[in-house]
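The block underneath contains the structure these notes are about, expressed in structure tokens.
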Protein chains: 2
Amino acid sequence: MSKEEYRAVGKSEEDMAVVLIGHGSKLPYGKGVMEEFGRRVEMRGIFKGVRVAFMQLNSPSIEEALRELAEEGIKNIVVQPVFLADGTHTTEDIPEKLKEAFEGVWAEIGKDVKLTYAKPIGVDERIVDILLDRVKEAMEGE
Amino acid sequence: MSKEEYRAVGKSEEDMAVVLIGHGSKLPYGKGVMEEFGRRVEMRGIFKGVRVAFMQLNSPSIEEALRELAEEGIKNIVVQPVFLADGTHTTEDIPEKLKEAFEGVWAEIGKDVKLTYAKPIGVDERIVDILLDRVKEAMEGE
């Protein structure tokens with residue numbers, strides 16, 4: 001998706017930041033994958049800020065990432081859960097942490113920041129394509 | 001990916017089955033998403049069998065899915081973890097369940113079934129595209 005397609009929405013995404021939220025893991029793989037997603041979203045050059053944050057175990061936490069953006073004066077933040085499907089993490093745990101962060105960060109820095117909570121990845125034909133690629137790679141790699 | 005591209009690998013994917021393994025959840029969303037991925041992989045018409053199974057909480061279990069395929073006489077099974085990144089689930093929990101299932105199912109049905117364990121989704125530009133779509137939808141949906 002290009003910057004132009006984003007513009008077609010008619011919102012001011014250039015003053016906007018995106019926070020990609022990962023699950024968090026004691027193993028290093030998840031953090032590495034999330035940071036690479038963050039770099040790639042950043043490279044698209046669509047948003048004023050891109051942050052990666054973790055629900056648990058890894059840093060930065062959700063509150064840390066939101067605080068940083070708020071301190072930079074970002075007024076419009078979309079929080080994108082990088083999860084395949086809704087579950088207790090996306091419907092309970094992350095919203096709860098967002099609420100805490102919102103109350104914590106915003107009580108200090110001001111309440112004029114708008115937070116939008118996006119949907120997880122969900123059913124998408126591109127996931128089917130990726131899964132078929134992984135199956136093929138496993139067959140080739142034997 | 002077409003059936004022809006699969007054929008280019010030079011393996012007999014028409015005698016092959018794929019088991020898509022999901023995390024499992026007490027909420028219904030994850031199961032629904034996984035079942036839809038299963039239907040869509042099946043619709044590509046590449047494999048002899050496509051099954052969805054869950055690491056925990058939902059059914060069928062990994063052992064149940066493998067048993068069914070083994071009973072149908074499938075000799076070549078690729079197990080595809082439907083996870084964004086490697087973590088303890090993909091490196092410890094699922095392999096352990098595969099080992100248990102393998103010992104359980106194969107002791108009964110015969111040891112001439114070949115199991116290949118594929119990699120999770122991982123870093124992929126198509127995931128970046130999907131995330132940007134979800135962010136855009138959240139902006140539009142406000």
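Remember, it's a predicted structure, so these values are computed and weren't measured experimentally.
By the rule that hydrophobic residues join a cluster once side-chain heavy atoms approach within less than 4.5 Å of another member, Phe102(A) and Leu69(A) end up as members of one cluster. Hydrophobic cluster membership differs between Leu57(A) and Leu20(A), with clusters built from Ile, Leu, Val, Met, Phe, Trp and Tyr side chains linked at under 4.5 angstrom. One hydrophobic cluster, built from ILVMFWY side chains closer than 4.5 Å, holds both Val113(B) and Val79(B). Linking ILVMFWY residues whenever their side-chain heavy atoms come closer than 4.5 Å, directly or via other members, places Ile77(A) and Tyr117(A) in the same cluster. In the hydrophobic clustering of ILVMFWY residues, with side-chain heavy atoms under 4.5 Å counting as a link, Leu115(A) and Val19(A) come out together.
Here Asp124(A) does not pair with Arg40(B) in a salt bridge; the nearest charged N to carboxylate O distance is not below 4.0 Å. Using a cutoff of 4.0 Å between basic side-chain nitrogens and carboxylate oxygens, Glu125(B) and Arg126(A) are not scored as salt-bridged. In this structure, Asp133(B) does not pair ionically with Lys119(A), as no charged nitrogen and carboxylate oxygen lie closer than 4.0 Å.
Only the side chain of Lys26(B) has a heavy atom closer than 4.5 Å to any heavy atom of chain A. Only the side chain of Val18(A) comes within contact range of chain B, with heavy atoms under 4.5 Å apart. Interface residue Val82(B): backbone and side-chain heavy atoms are both found under 4.5 Å from chain A. Interface remark: Pro28(B) contributes no atoms to any contact with chain A (heavy atom separation under 4.5 Å).
Residues Thr116(B) and Ala138(A) share a closest heavy-atom pair of CG2-O, 3.7 Å. Taking all atoms of both residues into account, the shortest heavy-atom contact from Val123(A) to Arg134(B) is O-NH2, 4.1 Å. Nearest heavy atoms, Gly122(A) versus Val33(B): C-CG1, 4.3 Å.
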**OP:** Show your reasoning for whether side chain to side chain contact (heavy atoms under 4.5 Å, CB included) applies to Val135(A) and Phe47(B).
**Re:** CA-CA 11 Å; Val135(A) 170; Phe47(B) 309 108; 3.9 Å; yes

Subject >> Working for side chain to side chain contact (heavy atoms under 4.5 Å, CB included), residues Glu36(B) and Ile127(A) >> reply: CA-CA 11 Å; Glu36(B) 184 59 24; Ile127(A) 299 289; over 6 Å; no

Subject >> Working for side chain to side chain contact (heavy atoms under 4.5 Å, CB included), residues His23(A) and Leu84(B) >> reply: CA-CA 10 Å; His23(A) 185 286; Leu84(B) 282 165; over 6 Å; no

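Ranked by heavy-atom pairs shorter than 4.5 Å toward chain B, the options Asp86(A), Thr88(A), Thr91(A) are led by Asp86(A).
No side-chain heavy atom of Lys136(A) sits under 4.5 Å from any side-chain heavy atom of Val78(B).
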